[in-house]
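As the structure is a prediction and not an experimental result, all values here were calculated from the model. Proteins come first, then strands; the chains are lettered A, B, ... in the order of their sequence lines, and each starts at number 1. When reading the values below, keep in mind they use all heavy atoms of this one structure, side chains included, and skip hydrogens, waters and symmetry mates.
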Amino acid sequence: MTKNKENYFDQVYQVVKLIPKGRVTSYGAIANYLGLKSGARMVGYAMNSSHSQPDIPAHRVVNRAGVLTGKHHFETPFKMQELLEQEGIKIEKDKIIAFEQHFWDPIELEKTL
DNA sequence: AGTATGACGTCTC
DNA sequence: AGAGACGCCATAC
């Protein structure tokens, strides 16, 4: 398979789809889980490509500060905040309140095993 | 084909 | 302690 580019792009999609409802994670957390400590940018960029994926809750992925940096890439800049609020997450000034409280890390998956 | 930029994060000065 | 620059891999022009 020469064109089988299972980049960590696909890995990111899998992890993002595994994010439990009402929980959020950060780009760095995913990158760290995949082993890319500095590849946080790629995680976010993968989200940009997430338009090719049907079930990518990109609204559950925010930056390290819990800020909805990518909200502008959604259907509407308010869609991201709306989706998060629907899951019980409060947002203020595009920032998640009690971010660490809703923070979820893919590492917990293996840790729970 | 090469350059520039990007939904971030960490290191260094 | 605050500000600036770099790194990561891929896509776009």
Gap between atoms [atom1] and [atom2], on [X] and [N] respectively (whole Å):
{"X": "A/Phe9", "N": "B/dC8", "atom1": "CZ", "atom2": "P", "result": "13 Å"}
{"X": "A/Asn48", "N": "C/dT11", "atom1": "CG", "atom2": "P", "result": "11 Å"}
{"X": "A/Tyr27", "N": "C/dC9", "atom1": "OH", "atom2": "P", "result": "19 Å"}
{"X": "A/Asp94", "N": "B/dC8", "atom1": "CG", "atom2": "P", "result": "13 Å"}
{"X": "A/Tyr13", "N": "C/dC9", "atom1": "OH", "atom2": "P", "result": "16 Å"}
{"X": "A/Tyr45", "N": "B/dA7", "atom1": "OH", "atom2": "P", "result": "8 Å"}
{"X": "A/Leu36", "N": "C/dC6", "atom1": "CG", "atom2": "C1'", "result": "16 Å"}
{"X": "A/Gln11", "N": "C/dA10", "atom1": "CD", "atom2": "P", "result": "12 Å"}

Nearest non-hydrogen partners of [X] and [Y], listed with the distance:
{"X": "A/Ser50", "Y": "A/Ile56", "answer": "CB-CG2, 3.5 Å"}
{"X": "A/Ala65", "Y": "A/Phe99", "answer": "C-CD2, 4.4 Å"}
{"X": "A/Ala46", "Y": "A/Phe9", "answer": "CA-CE2, 3.3 Å"}

> Expressed in whole Å, how much space separates the P atoms belonging to C/dA3 and B/dA7?
Replying inline: 23 Å

>> Between B/dT5 and C/dA5, how many Å separate the two P atoms, rounded to a whole number?
In response: 14 Å

> Which residue, A/Lys37 or A/Gly44, contacts DNA chain B at a nucleotide closer to its 5' end, judged by nearest heavy atom?
Replying inline: A/Gly44

> Between A/Thr69 and B/dC8, is there a side-chain N or O to OP1/OP2 distance below 4.0 Å?
Replying inline: yes

>> Measuring from the side chain of A/Ala40 (C-beta onward, heavy atoms only), which nucleotide among B/dG9, C/dA10, C/dG7 has the closest atom?
In response: B/dG9

>> Among B/dT10, B/dG6, B/dA7, which nucleotide has an atom closest to any side-chain atom of A/Ser50?
In response: B/dA7

> In Å and rounded to the nearest 0.5 Å, what is the CE to NE2 distance from A/Met47 to A/His73?
Replying inline: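 Going from the CE atom of A/Met47 to the NE2 atom of A/His73 covers 12.0 Å.
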
>> Regarding A/Ala58, tell me which of base, sugar-phosphate or nothing describes its non-hydrogen contacts under 4.0 Å with the strands shown.
In response: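 Base, at least one base heavy atom under 4.0 Å.
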
> Is there a donor on the side chain of A/Arg41 or the base of B/dG6 sitting less than 3.5 Å from an acceptor on the other?
Replying inline: yes

>> If you apply the rule salt bridge (Lys or Arg N to Asp or Glu O under 4.0 Å), what do you find for A/Glu87 with A/Arg60, and how did you get there?
In response: CA-CA 10 Å; A/Glu87 299 189 357; A/Arg60 293 178 184 161; 2.6 Å; yes

